[in-house]
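In what follows, every heavy atom counts, from backbone to side chain, and hydrogens, waters and symmetry copies are set aside. Start at 1 with the first residue, then count along the sequence. This is a predicted model, so every value here is computed, not measured.
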Amino acid sequence: YIVPGKETRVKVDNLSAGGLRLKIERAALLDTEVEFSRGQNWVVLLDLYDPEQGTRKRFFFITRVQSVFDDPKYYELGTQFQEYGKLKDDGSREVVWKKVEEDGVEDVGNWVVKRHLELYREKGLL
């Protein structure tokens, strides 16, 4: 999990309706055989917190790695959402998958815009 204000080895560096950029400490992967390359698909679970309502929205994504930047400390992955899923409303743990359209995932885009507006109100023009 990536929780604001808590130290983590994986960071969401950028988020949009169409994808996300992850920054992953190499040290977090020392005992694994994980390698990243363009064209790979990864499943990502993302919880987006809504401070106005005190709730979170959970999304599952199948992402395609579009870019990999590899330096001695970090991997930076640029990914594009291919499919997204939500848990069924019936209380089951089944995920319903949908293809991501060209303009991205509307709920994610709306969340990002709201957070940018909050920052603008708090800090002014950045």
Side-chain angles (χ1 to χ4, degrees):
Y1 283 110
I2 300 171
V3 179
K6 292 194 178 182
E7 191 171 323
T8 183
R9 295 180 148 195
V10 178
K11 177 183 175 192
V12 175
D13 207 34
N14 194 332
L15 176 65
S16 72
L20 64 113
R21 176 173 288 282
L22 293 172
K23 195 170 189 177
I24 304 168
E25 283 185 29
R26 292 180 71 87
L29 303 171
L30 286 179
D31 296 329
T32 70
E33 295 182 22
V34 174
E35 293 184 23
F36 302 105
S37 61
R38 284 188 77 210
Q40 283 179 320
N41 287 329
W42 288 86
V43 176
V44 174
L45 166 68
L46 182 66
D47 285 342
L48 297 178
Y49 180 70
D50 183 345
E52 295 167 350
Q53 297 185 12
T55 59
R56 66 184 170 134
K57 286 186 179 182
R58 175 163 282 181
F59 296 91
F60 298 87
F61 296 103
I62 296 174
T63 66
R64 176 176 293 130
V65 176
Q66 298 295 100
S67 64
V68 178
F69 177 74
D70 183 5
D71 83 10
K73 286 183 131 181
Y74 295 97
Y75 286 104
E76 289 187 32
L77 304 177
T79 69
Q80 181 180 26
F81 299 143
Q82 300 297 303
E83 294 184 39
Y84 74 100
K86 288 187 180 181
L87 291 172
K88 274 188 162 182
D89 290 334
D90 63 7
S92 70
R93 296 176 92 35
E94 186 178 346
V95 177
V96 177
W97 291 96
K98 295 182 182 178
K99 183 176 173 20
V100 173
E101 300 299 326
E102 221 176 271
D103 56 350
V105 180
E106 184 177 2
D107 286 346
V108 175
N110 290 341
W111 183 89
V112 169
V113 168
K114 282 183 180 182
R115 303 298 76 83
H116 279 282
L117 287 173
E118 288 169 5
L119 280 174
Y120 178 75
R121 286 186 199 116
E122 287 175 18
K123 299 182 182 193
L125 191 57
L126 298 177

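- Leu20 and Phe81 make their closest contact through CD2-CE2, 3.4 Å (heavy atoms, listed as atom of the first residue, atom of the second, distance).
- The two residues Ser67 and Arg21 have their closest heavy-atom pair at OG-NH2, 3.7 Å.
- Listed here is the closest heavy atom pair of Tyr84 and Phe59: CD1-CD2, 4.5 Å.
- Scanning both residues, Arg93 and Leu87, for their nearest heavy atoms gives O-CD2, 3.6 Å.
- Under the 4.5 Å side-chain heavy-atom criterion for ILVMFWY residues, a single connected hydrophobic cluster contains both Val10 and Leu77.
- Look at Lys73 and Asp71 and you find no salt bridge, because none of the NZ, NE, NH1 or NH2 atoms lies under 4.0 Å from a carboxylate O.
- Of the candidates Asn41, Thr79, Leu46, Val43, Phe61 forms a side-chain contact (heavy atoms from CB on, under 4.5 Å) with just one, namely Leu46.
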Passes side chain to side chain contact (heavy atoms under 4.5 Å, CB included), Arg115 versus Asp50? Steps please.
CA-CA 9 Å; Arg115 303 298 76 83; Asp50 183 345; 4.1 Å; yes

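- Between Glu118 and Arg121, none of the side-chain N atoms (NZ, or NE/NH1/NH2) sits under 4.0 Å from a carboxylate O, so this pair counts as no salt bridge.
- Taken together through direct or relayed side-chain contacts under 4.5 Å among Ile, Leu, Val, Met, Phe, Trp and Tyr, Val108 and Val113 form parts of separate hydrophobic clusters.
- Tracing side-chain contacts under 4.5 Å through hydrophobic residues (I, L, V, M, F, W, Y), one reaches Val112 starting from Leu22; they form part of the same cluster.
- At a threshold of 4.5 Å between non-hydrogen side-chain atoms, the residues Leu48 and Leu15 count as touching.
- Between Arg64 and the choices Gln40, Gln80, Gln82, the side chain to side chain donor-acceptor pair (under 3.5 Å) rule is met once, by Gln82.
- Val105 and Val12 fall within the same hydrophobic cluster, defined by Ile, Leu, Val, Met, Phe, Trp and Tyr side-chain heavy atoms under 4.5 Å apart, directly or through other members.
- Taking the six-membered ring for Trp and thresholds of 30 and 60 degrees, Trp42 and Phe36 have ring planes inclined between 30 and 60 degrees apart.
- The shortest distance between side-chain heavy atoms of Phe60 and Trp97 falls below 4.5 Å.
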Show the numbers, then the answer: is there a side chain to side chain contact (heavy atoms under 4.5 Å, CB included) between Asn110 and Glu106?
CA-CA 6 Å; Asn110 290 341; Glu106 184 177 2; 3.6 Å; yes

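- For Asp103 against Ala17, the heavy-atom pair with the smallest separation is O-CB, 3.8 Å.
- Taking NZ of Lys99 as the reference point, atom CD of Glu101 lies at 6.5 Å (rounded to 0.5 Å).
- With values rounded to the nearest 0.5 angstrom, Lys98 atom NZ is found 7.0 Å from Lys86 atom NZ.
- Here the CD1-CG distance, from Ile24 to Asp13, works out to 11.0 Å after rounding to the nearest 0.5 Å.
- Hydrophobic clustering of Ile, Leu, Val, Met, Phe, Trp and Tyr side chains at less than 4.5 Å, counting indirect connections, keeps Trp111 apart from Leu117.
- For the salt bridge (Lys or Arg N to Asp or Glu O under 4.0 Å) with Asp70, the qualifying choice from Lys23, Arg38, Arg26 is Arg26, the only one to do so.
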